[in-house]
*Asks:* 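One structure, pasted below without further comment.
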Amino acid sequence: MTYEAETESTTLLIGSQVVARTLARLGATHCFGVVGSGNFEVTNELVATGVQYFAARHEGGAVTMADAHSRMSDVPALVSVHQGCGLTNTATGLGEAAKSRTPLILLAAEPAQGDVHSNFTIDQDALAVSVGAMPHRLHRADTVLTDVLRAWYQAVVDRQSVVLSMPLNVQSSPAVTAADVDESVDRMLEQLTRAPIVPSSIESLLAELDRAQRPVFIVGRGGRQAGEAIAELAELTGALLATSAVAKGLFNNVRHQSQAFNLGISGGFSSPNTAELIRNADLVVSFGCALNDWTTRQGRLLGEDARIVQIDVDPNAPGRYRTINLALIGDAGATAQAAQKGWIVKHGGTPRSGYRSDEARASIAIGDWRQQSVNQRDTSGTGVEPRALTLRLDEILPSERIVSVDSGNFMGYPAQFLGVPDEKGLCFTQAFQSIGLGLATAIGAALAQPGRLPVLGTGDGGFHMAIADLETAVRLRLPLVCIVYNDAAYSAEVHHFGSQAGTPPMDAVTFERTDIARIARGFGAEAITVTEISSLSAVADWLASKPTCPLIIDAQISSDGGAWWLQEAFSNH
């Protein structure tokens with residue numbers, strides 16, 4: 001189909017053209033997918049409207065790339081897949097996106113209405129619901145435009161991952177004119193331009209801050225654009241600052257006074273000193289943070305006498321995971337700014353000391369995991385020590401980076417010991433706790449932040465699971481540093497079940513070591529095998545070459561005896 005006659009008010013676009021034009025006009029810029037017969041036309045129509053299309057090697061990789069791109073660009077990405085099996089292949093990545101409330105739209109072709117005997121027929125709406133995504137569909141040719149607008153609205157305003165099923169007969173039917181699309185999109189864009197939500201009363205928050213002697217602010221994904229405002233409120237009220245893992249780096253660039261009272265990540269990755277400071281707080285204020293089991297260590301990071309305030313734009317978020325004392329519905333930044341103004345009216349602009357004592361400052365300084373001593377090599381001589389490996393790479397790699405982390409026993413090393421420049425420096429897809437999402441996450445994040453060096457931390461299990469899309473990274477000429485923490489095992493299970501009485505057999509979760517570097521070279525990547533820290537000099541050489549392909553680091557690591565950050569998670573598995 002072409003757009004030659006679009007200026008004529010009577011020329012009708014077919015359904016696939018309406019979908020493409022509407023989404024492009026709403027602001028979609030990137031689409032990831034695997035093309036089959038059912039989504040061939042709509043994908044080409046998207047490209048014709050200016051949307052960039054990135055072909056993945058697996059639909060699961062495509063949706064995870066879109067998830068990561070949306071998180072790191074704040075623009076909803078699109079996914080395009082074939083009907084039936086194309087959609088089922090997205091299930092795990094879609095579940096991760098949905099649980100993380102990532103705004104994206106998955107365009108799923110569907111057999112023509114009434115074609116119940118098609119091999120591709122499944123209940124696509126039920127599949128979407130089963131993993132937490134929101135099902136939408138093109139109902140008829142005359143509703144296509146409103147169907148697409150409704151899907152976009154839910155993705156953007158409600159922060160949902162949406163599956164838009166597109167029956168083949170509706171895709172090919174004449175629908176509305178280009179002028180109809182443009183007029184409706186303009187109205188929608190006006191609706192989406194809204195003032196930030198401020199809680200109806202800020203006095204209750206000020207009262208909680210007034211009473212508190214040891215306040216701690218924990219900021220999640222919902223507060224990533226409000227770092228400066230939250231830091232200024234913390235300075236006024238004497239609060240310590242912390243983030244969930246997905247907001248790591250948020251306070252890296254705030255004024256020096258707050259830097260000294262930045263606890264870093266709250267939760268399983270917290271150092272003992274950080275955990276103790278949070279546990280001793282008498283008030284915890286959450287800004288756009290779910291306060292889930294990871295961030296609070298199943299609630300054990302929250303002291304028994306601590307009062308809990310939860311601020312979120314989602315009315316259903318407060319109290320979902322923890323019993324709280326006060327819920328405020330509002331934007332994190334707008335709420336922090338309103339609280340600043342109210343505090344200054346009551347107390348003036350002179351900061352109080354609160355929890356910002358010399359003792360707290362010293363505890364934070366010496367308690368940083370990165371400051372702890374580490375052996376360069378495990379005493380057993382079985383491989384490179386993973387923390388030493390990560391710290392050395394942190395020194396070698398440029399600081400302007402975007403780090404992505406797969407799931408597994410290793411994940412605390414890149415998450416904790418690879419520094420990031422700001423809140424757009426870490427992409428952490430852990431809501432579903434699935435291994436194998438890391439490589440696609442790194443590709444999507446790299447495309448969202450093209451001025452940064454993409455770095456991935458993954459395990460050997462997750463890398464093997466995702467390896468098809470290594471070809472995607474090679475084809476896209478991404479200078480991706482992929483650190484494979486390789487111990488030839490599903491180590492979380494090895495350490496958890498291996499510590500039980502009787503030591504059950506580990507054959508199901510241990511494997512023969514594969515030559516990951518050699519496999520990676522077969523895909524067209526560069527690769528090195530690392531058993532000694534000194535081998536990492538090759539990384540500096542690769543960086544100096546102005547690379548245009550991935551570097552796979554097959555890091556044959558020693559056992560860590562079971563990562564500390566998974567101890568409590570497994571206690572409730």
*Asks:* Between atom OG of Ser161 and atom NZ of Lys99, what is the distance when rounded to the nearest 0.5 Å?
*Replies:*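 Answer rounded to 0.5 Å: 11.5 Å.
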
*Asks:* Is there a side chain to side chain contact (heavy atoms under 4.5 Å, CB included) between Leu470 and Phe463? Walk through the geometry before answering.
*Replies:* CA-CA 9 Å; Leu470 179 56; Phe463 185 72; 4.1 Å; yes

*Asks:* Passes side chain to side chain contact (heavy atoms under 4.5 Å, CB included), Asp487 versus Asp460? Steps please.
*Replies:* CA-CA 7 Å; Asp487 56 6; Asp460 54 288; 3.2 Å; yes

*Asks:* To the nearest 0.5 Å, tell me how far Asn292 CG sits from Ser244 OG.
*Replies:*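 Nearest 0.5 Å value for the CG-OG distance: 8.0 Å.
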
*Asks:* Kindly indicate, with the supporting measurements, whether the criterion side-chain hydrogen bond (donor to acceptor under 3.5 Å, both in side chains) is fulfilled by Ser407 and Gln430.
*Replies:* CA-CA 7 Å; Ser407 192; Gln430 298 293 332; 2.9 Å; yes

*Asks:* Could you check if a side-chain atom of Arg475 sits within less than 4.5 angstrom of a side-chain atom of Thr472, using non-hydrogen atoms only?
*Replies:*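 Yes - at least one pair of side-chain heavy atoms lies under 4.5 Å apart.
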
*Asks:* Looking only at atom types and distance, does a side-chain atom of Thr531 sit under 3.5 Å from a main-chain N or O of Gln556, one as donor and one as acceptor?
*Replies:* no

*Asks:* Anything under 3.5 Å between a donor and an acceptor, one on a side chain of residues 434-444, the other on a protein residue two or more places apart or in another chain? List them.
*Replies:*
| from | atom 1 | to | atom 2 | distance (Å) |
| --- | --- | --- | --- | --- |
| Thr441 | OG1 | Thr429 | OG1 | 3.2 |
| Thr441 | OG1 | Leu437 | O | 2.7 |

*Asks:* Enter the distance from Asp74:CG to Arg71:CZ here, rounded to the nearest 0.5 Å.
*Replies:*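 Going from the CG atom of Asp74 to the CZ atom of Arg71 covers 12.0 Å.
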
*Asks:* Between the side chains of Arg513 and Asp554, is the shortest nitrogen-to-carboxylate-oxygen separation below 4.0 Å, so that they form an ion pair?
*Replies:*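 No.
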
*Asks:* Output yes when a side-chain donor or acceptor of Asp469 lies under 3.5 Å from a complementary backbone atom of Ala62, and no otherwise.
*Replies:* no

*Asks:* Does the distance from a Lys or Arg side-chain N to an Asp or Glu carboxylate O, for Arg322 and Asp293, drop under 4.0 Å?
*Replies:*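 Between Asp293 and Arg322 there is a salt bridge, with a charged N closer than 4.0 Å to a carboxylate O.
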
*Asks:* Working note: Val219 + Cys289, criterion side chain to side chain contact (heavy atoms under 4.5 Å, CB included); need CA distance, chi angles, decisive distance, verdict.
*Replies:* CA-CA 6 Å; Val219 188; Cys289 179; 6.0 Å; no

*Asks:* Checking side chain to side chain contact (heavy atoms under 4.5 Å, CB included) for the pair Asp125/Arg137: CA distance, chi angles, key distance, verdict?
*Replies:* CA-CA 8 Å; Asp125 288 359; Arg137 62 179 42 256; 3.2 Å; yes

*Asks:* With distance as the sole test, does Ser270 use its side chain to make a donor-acceptor pair with the main-chain N or O of Ile265 at under 3.5 Å?
*Replies:*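 Checked: pair present.
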
*Asks:* Please tell me whether Ser16 and Glu45 have a donor and an acceptor in their side chains that are separated by less than 3.5 angstrom.
*Replies:* no

*Asks:* Taking the side chain from Glu96 and the backbone from Ala431, do they hold a donor-acceptor pair closer than 3.5 Å?
*Replies:* yes

*Asks:* Would you check if the side chain of Arg224 reaches a backbone N or O of Leu250 as a donor-acceptor pair within less than 3.5 Å?
*Replies:*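 Here the side-chain-to-backbone pair does not exist.
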
*Asks:* Angle between ring planes, Phe410 versus Tyr485, binned at 30° and 60°: parallel, tilted or perpendicular?
*Replies:*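 Plane angle under 30°, so parallel.
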
*Asks:* Mind jotting down which residue pairs meet the ring-ring contact (aromatic ring centres under 6.0 Å, His included) criterion with at least one end in residues 425-453? Sequence neighbours excluded, please.
*Replies:* Phe269-Phe428

*Asks:* Under the side-chain contact (heavy atoms from CB on, under 4.5 Å) test against Arg392, which residue among Thr390, Ile396, Leu389 passes?
*Replies:*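 Passing option: Ile396.
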
*Asks:* Would you say the side-chain atoms of Asn89 pair up with the backbone N or O of Gly86, donor to acceptor, closer than 3.5 Å?
*Replies:*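 Checking the backbone N and O of Gly86 against the side chain of Asn89, no donor-acceptor pair under 3.5 Å is found.
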
*Asks:* For Thr102 and Ser70, what are the C-alpha separation, side-chain angles and deciding distance, and is it a side-chain hydrogen bond (donor to acceptor under 3.5 Å, both in side chains)?
*Replies:* CA-CA 7 Å; Thr102 300; Ser70 296; over 6 Å; no

*Asks:* For a salt bridge (Lys or Arg N to Asp or Glu O under 4.0 Å) check, start with the C-alpha distance between Arg452 and Asp422, then their side-chain angles and the critical distance, and finish with the verdict.
*Replies:* CA-CA 12 Å; Arg452 300 184 177 194; Asp422 52 32; 2.7 Å; yes

*Asks:* Is it the case that over 12 heavy atoms from other parts of the model lie below 6.0 angstrom from the CD atom of Gln154?
*Replies:* yes

*Asks:* Please tell me if the side chains of Arg159 and Arg221 come closer than 4.5 Å, counting only heavy atoms from C-beta onward.
*Replies:* yes

*Asks:* Would you say Tyr321's side chain and Gly299's backbone share a donor-acceptor pair under 3.5 angstrom?
*Replies:*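 Absent.
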
*Asks:* Taking the side chain from Gln83 and the backbone from Pro111, do they hold a donor-acceptor pair closer than 3.5 Å?
*Replies:*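 Not a single qualifying donor-acceptor pair exists.
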
*Asks:* Donor-acceptor check, side chain of Gln449 to backbone of Met72, threshold 3.5 angstrom: yes or no?
*Replies:* yes

*Asks:* Got Leu46 and Leu107 here, is their nearest side-chain heavy-atom distance under 4.5 Å?
*Replies:* yes

*Asks:* Under 4.0 Å between a side-chain nitrogen and a carboxylate oxygen: does that hold for Glu471 and Arg57?
*Replies:*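 Judged by the 4.0 Å cut-off on N to carboxylate O distance, Glu471 and Arg57 do form a salt bridge.
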
*Asks:* Output the distance between atom CG (Leu87) and atom CD1 (Ile122), rounded to the nearest 0.5 Å.
*Replies:*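 It comes to 5.0 Å.
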
*Asks:* Are any non-hydrogen side-chain atoms of Ile516 and His464 less than 4.5 angstrom apart?
*Replies:*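 Heavy-atom side-chain distance check passes, below 4.5 Å.
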
*Asks:* With no hydrogens and no angle check, is any side-chain donor or acceptor of His82 less than 3.5 Å from a backbone partner on Gly38?
*Replies:*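 Checking the backbone N and O of Gly38 against the side chain of His82, a donor-acceptor pair under 3.5 Å is found.
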
*Asks:* Answer yes when Asp515 and Arg521 have at least one side-chain N-carboxylate O distance shorter than 4.0 Å, and no when they do not.
*Replies:* no

